[in-house]
Amino acid sequence: MNIAEYSGVWVFIEVKDGKIVPVSLELLGAGKRLAEKRGVELSGILVGYGVKPLANTAFEYGADAVYVYDDPIFKLYRTETYMRAIIECTNRHKPEIILYGATSTGKDLASAAATDLATGLTADTTILDIDADTGLLQASRPAFGGNIMATILCKKHRPQMATVRPKIMKAMNPIPGRKGEIIEEKISIREEDVRTKVLEIVKSATKQVRIDEADIIVAGGKGLGDAKGFGLIHDFAETIGATVGASRDAVEAGWIEHHHQVGQTGVTVTPKIYFAIGISGAIQHLVGMQNSGLIIAINKDPDAPIFNSCHYGIVGDAFEIVPMLIEQFKRVLTAEEVKNA
Amino acid sequence: MLHVVACIKQVPDTKVAKLNPKTNTIDRASAPAILNPYDTHAVEEAVRLKKRYGGTVTVLTMGPPPAVKAIRRCVEIGADEGYMISDRAFAGADTLATSYALTKALHKISQIRPIDLIICGKMTIDGDTGQVGPGIARRLDIPPLTSVNKVVEIDKEGGSAVVHRKLEDGYEVVKSTLPCLLTVEKEINEVPYSPMPNLIKAARYQPTIWAVSDLEDVDRTQLGLKGSPTIVGSVWAPPKPQGGEILQGPVNSQVDQLMDILLQKKELFAVKGGAS
Ligand SMILES: Cc1cc2nc3c(=O)[nH]c(=O)nc-3n(C[C@H](O)[C@H](O)[C@H](O)COP(=O)(O)OP(=O)(O)OC[C@H]3O[C@@H](n4cnc5c(N)ncnc54)[C@H](O)[C@@H]3O)c2cc1C
Ligand SMILES: Nc1ncnc2c1ncn2[C@@H]1O[C@H](COP(=O)(O)O)[C@@H](O)[C@H]1O
């Protein structure tokens with residue numbers, strides 16, 4: 001492999017329900033910074049059906065060019081078909097870096113493509129940098145269950161690939177009307193040769209709470225004692241119009257469903273306010289919420305590690321403090337309502 | 001009769017693992033070795049399919065000799081046979097080299113008994129990548145189905161499998177040809193206590209152990225460290241965020257102080273029951 005033939009930074013642009021998913025826009029921002037440092041172009045690779053117009057969004061968010069595979073065969077995501085597009089496009093145009101969102105689709109696609117491309121893939125990256133001279137990507141990620149950070153390098157193979165956690169990189173401020181080059185690609189895959197068929201897509205009946213979209217999160221942990229105690233978290237959240245989050249131990253105790261879990265094996269969140277109540281602050285929890293705007297911790301153990309990671313902390317019993325907060329908020333918020341009326 | 005192979009790994013229990021602050025490496029002695037938690041669900045699912053359709057459950061691992069213990073744990077869950085590939089040449093493998101070595105072992109197993117289905121865990125808790133499963137599927141050129149949280153049906157005669165793949169906002173029902181490879185979510189099943197006969201069988205169980213020389217058509221340059229495109233450049237302790245301000249004074253006053261801080265962002269709070 002002559003690695004000098006490979007140039008440029010690519011971002012796989014994931015589309016869901018006709019829109020580019022947020023992590024892809026974040027990665028265009030991150031990719032732009034890498035491309036500028038290295039002095040190369042930033043391109044997107046867009047696969048789907050009826051997706052071509054979305055290239056314009058990618059340009060506004062920093063892409064210089066977008067490779068488009070627009071074909072009915074790509075209507076629904078399937079590893080087999082999408083992977084073919086990525087592999088063919090990569091072999092034809094030889095980028096030195098490809099970034100994917102660490103979503104279920106991004107991870108699935110990147111793992112399969114990396115095997116065929118016989119190259120390195122770093123999973124769940126949280127920090128990206130590049131050596132301007134050699135183009136060596138430095139992809140850092142939490143390892144060993146978040147106990148350490150490791151920087152992964154791929155020196156002799158191209159493209160260098162990484163999946164990157166959502167909500168960590170910053171998207172550029174979009175520049176309306178910014179233009180770029182659309183490169184239309186063709187691929188011939190016959191439906192009868194594809195071994196997987198999507199029979200049905202079932203959306204959760206109750207619209208599932210997306211804790212990563214919340215402005216305020218009230219998160220509770222094992223310290224609430226039992227499911228009934230965890231009810232306090234729901235009460236507080238409801239009073240202030242917040243979304244409920246949880247530590248893994250609270251989820252494993254069965255007090256709340258997994259999609260509320262914040263952290264390494266849950267969701268990464270960046271709300272404007274994050275309440276950590278009865279949560280000790282294990283590193284695996286912290287990696288999921290440490291970029292929140294304002295972090296408030298309530299814990300009865302003054303030595304709980306969460307106090308090293310919060311903006312303001314109260315050492316005390318949640319069952320004493322939270323009801324007082326609920327009272328105060330009720331008073332303030334109803335006063336507000338009366339005033340507005 | 002189905003032949004299901006579960007790929008499993010012994011891992012240090014990262015929940016209790018201690019970091020050596022000088023070298024920033026995991027002090028392996030501090031962490032008991034366990035069967036990767038996600039892989040217990042992979043084995044359990046294989047055992048359930050065997051109960052449903054009849055057949056054989058085989059487990060396969062690549063690891064150092066003590067990993068036999070992880071295979072015994074799988075026998076407790078209900079696996080019939082265990083294979084381990086163990087050789088210095090495998091050491092230092094990243095996900096690409098791991099999937100290569102495991103694929104060679106799977107070839108050999110399939111010569112003994114053709115394989116209908118392979119099941120992997122969602123990810124390991126030491127590597128936490130989730131890349132090895134799809135890697136194996138690609139190398140065998142069979143469909144990878146990741147994030148599976150339910151197996152609806154395996155139809156060996158018809159050569160197809162129907163599963164649910166978990167999505168961010170629901171799930172999709174996918175039909176695939178057999179053989180295929182599943183990576184499974186924790187929620188796919190609950191692993192019950194193992195029945196006594198399994199425990200007795202497991203205690204004495206000796207898996208078949210293969211070295212590189214026992215495998216066929218192996219390109220040694222694709223094994224272990226040599227066959228790994230990625231290397232760990234450096235490791236460091238995660239940055240310790242600095243502590244914030246711990247509020248002082250009697251509880252009432254702490255709550256008042258907090259309210260002052262929070263109400264600076266008053267616009268964020270929903271007015272309960274407010275007309276909007
Ligand atoms: C591979 C791996 C991945 C993981 N992923 C995640 C993840 O995604 N998210 C996650 O959260 N964890 C994760 N964990 C688990 C993590 O290591 C911790 O075990 C977990 O976060 C602890 O949950 P907790 O803080 O609720 O419980 P605990 O650690 O038990 O803490 C409870 C806290 O409540 C306090 N408390 C008790 N009573 C009261 C009271 N009345 N009032 C106020 N405070 C009280 C206690 O002082 C204590 O600090 C992971 C672990 C591993 C190994
Ligand atoms: N050394 C190994 N031996 C057998 N199976 C493995 C090994 N490493 C990973 N796997 C399988 O691949 C899955 C994903 O692992 P990983 O890519 O390391 O997160 C695991 O849950 C196992 O099913």
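In this text, all values refer to a predicted model and were calculated from it rather than measured experimentally. Note on naming: letters A, B, ... go to the chains in the order of the sequence lines (proteins, then strands), and numbering restarts at 1 for each one.
For the options B:Gln254, B:Lys265, B:Arg139, B:Gln222, heavy-atom pairs under 4.5 Å to chain A are most numerous at B:Gln254. Of the listed residues (A:Glu80, A:Met83, A:Gln264), the one with the most heavy-atom contacts under 4.5 Å to chain B is A:Met83. The choice from B:Leu96, B:Leu263, B:Val232 that makes the most heavy-atom pairs within less than 4.5 Å of chain A is B:Leu96. Considering only heavy-atom pairs separated by less than 4.5 Å from chain B, the leading option among A:Asp116, A:Asp124, A:Leu294 is A:Asp116. Most heavy-atom pairs under 4.5 Å with chain B, from the set A:Asp108, A:Ile201, A:Thr122, A:Leu153: that is A:Leu153. Interface summary for chain A: among B:Leu145, B:Asp256, B:Val132, B:Ile136, the most heavy-atom pairs under 4.5 angstrom belong to B:Asp256. Chosen from A:Ser111, A:Ala114, A:Gly120, the residue pairing most often with chain B at heavy-atom distances under 4.5 Å is A:Ser111.
Note on A:Asp17 versus A:Lys203: salt bridge recorded, some NZ/NE/NH1/NH2 to OD/OE distance being below 4.0 Å. Here A:Arg210 does not pair with B:Asp169 in a salt bridge; the nearest charged N to carboxylate O distance is not below 4.0 Å.
With a 4.5 angstrom heavy-atom cutoff, B:Asp128 touches chain A via backbone and side-chain atoms both. There is no contact between A:Ile306 and chain B, counting heavy-atom distances below 4.5 Å. Looking at A:Gln138, there are no atoms closer than 4.5 Å to chain B (heavy atoms on both sides), in backbone or side chain. Of the atoms belonging to A:Ile273, it is side-chain heavy atoms, and not backbone ones, that fall under 4.5 Å from chain B. Of the atoms belonging to B:Ile125, it is backbone heavy atoms, and not side-chain ones, that fall under 4.5 Å from chain A. Only the side chain of A:Arg141 comes within less than 4.5 Å of a heavy atom of chain B; its backbone N, CA, C and O stay farther away. For B:Asp141, the parts sitting under 4.5 Å from any heavy atom of chain A are the backbone and the side chain alike. With a 4.5 angstrom heavy-atom cutoff, A:Ile295 does not touch chain B via any of its atoms. Residue A:Pro302: no heavy atom, backbone or side chain, is found under 4.5 Å from chain B. If you measure heavy-atom distances from A:Thr119 to chain B, the contacts under 4.5 Å come from the backbone alone. Residue A:Leu137 does not touch chain B at all, counting heavy-atom pairs closer than 4.5 Å. Heavy atoms closer than 4.5 Å to chain B are found in both the backbone and the side chain of A:Ala112. Residue A:Thr105 does not touch chain B at all, counting heavy-atom pairs closer than 4.5 Å. Heavy atoms closer than 4.5 Å to chain A are found in the side chain of B:Leu258, but not in its backbone. Interface remark: A:Lys197 contributes backbone and side-chain atoms alike to the contact with chain B (heavy atom separation under 4.5 Å).
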Side-chain donor-acceptor pairs under 3.5 Å in residues 156-164 of chain B, sequence neighbours left out?
from     : atom 1 : to       : atom 2 : distance (Å)
B:Lys156 : NZ     : B:Met1   : O      : 2.9
B:Lys156 : NZ     : B:Asp116 : OD1    : 3.4
B:Lys156 : NZ     : B:Asp116 : OD2    : 3.2

List, one per line, each side-chain donor-acceptor pair under 3.5 Å for residues 280-289 of chain A, sequence neighbours excluded.
from     : atom 1 : to       : atom 2 : distance (Å)
A:Gln284 : NE2    : A:Gly145 : O      : 2.5
A:His285 : ND1    : A:Val262 : O      : 3.4
A:His285 : NE2    : A:Tyr274 : OH     : 2.9

Would you give me the side-chain donor-acceptor pairs under 3.5 Å for residues 177-187 of chain B, sequence neighbours excluded?
from     : atom 1 : to       : atom 2 : distance (Å)
B:Thr183 : OG1    : B:Ser147 : N      : 3.2
B:Glu185 : OE1    : B:Lys122 : NZ     : 3.3
B:Glu185 : OE2    : B:Lys122 : NZ     : 3.0
B:Glu187 : OE1    : B:Lys166 : NZ     : 3.1
B:Glu187 : OE2    : B:Asn149 : ND2    : 3.1

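Of the inter-residue distances, the one linking B:Ile261 atom CD1 with B:Met259 atom CE reads 11.0 Å to the nearest 0.5 angstrom. Between the CZ atom of A:Arg78 and the CG atom of A:Leu76 there is a distance of 7.0 Å, given to the nearest 0.5 Å. Taking SG of B:Cys7 as the reference point, atom CG of B:Asn36 lies at 12.0 Å (rounded to 0.5 Å). Between the OH atom in B:Tyr100 and the OG1 atom in B:Thr221 there is a gap of 7.0 Å [rounded to 0.5 Å]. Taking CD1 from A:Ile321 and CD1 from A:Ile314, the interatomic distance works out to 5.0 Å, rounded to the nearest 0.5 Å.
Judged purely by distance below 3.5 Å, without hydrogens or angles, the side chains of B:Thr95 and B:Gln131 pair a donor atom with an acceptor atom. Side-chain contact check for B:Glu168 and A:Thr103: no donor-acceptor pair (N or O, by modelled atom type) lies under 3.5 Å.
The shortest heavy-atom contact between A:Pro271 and A:Asp215 is CB-O, 3.3 Å.
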Margin query: Between A:Gln290 and A:Ser309, is the side chain to side chain donor-acceptor pair (under 3.5 Å) condition met? List the steps.
Written below: CA-CA 7 Å; A:Gln290 62 198 1; A:Ser309 306; 5.9 Å; no

Next item on the list: Would you sort out whether A:Lys300 and A:Asp317 count as a salt bridge (charged side-chain N to carboxylate O under 4.0 Å, His left out), showing the intermediate values?
Entry: CA-CA 5 Å; A:Lys300 68 177 181 194; A:Asp317 187 342; 5.5 Å; no

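Within residues 154-163 of chain A, the residues having any heavy atom under 4.5 Å from a heavy atom of chain B are, by residue number, A:Cys154, A:Lys155, A:His157.
The aromatic rings of A:Phe329 and A:Phe236 sit tilted relative to each other, their planes meeting at an angle between 30° and 60°.
The 12-atom threshold is exceeded at NZ of B:Lys104, counting heavy atoms of other residues, nucleotides or ligands nearer than 6.0 Å.
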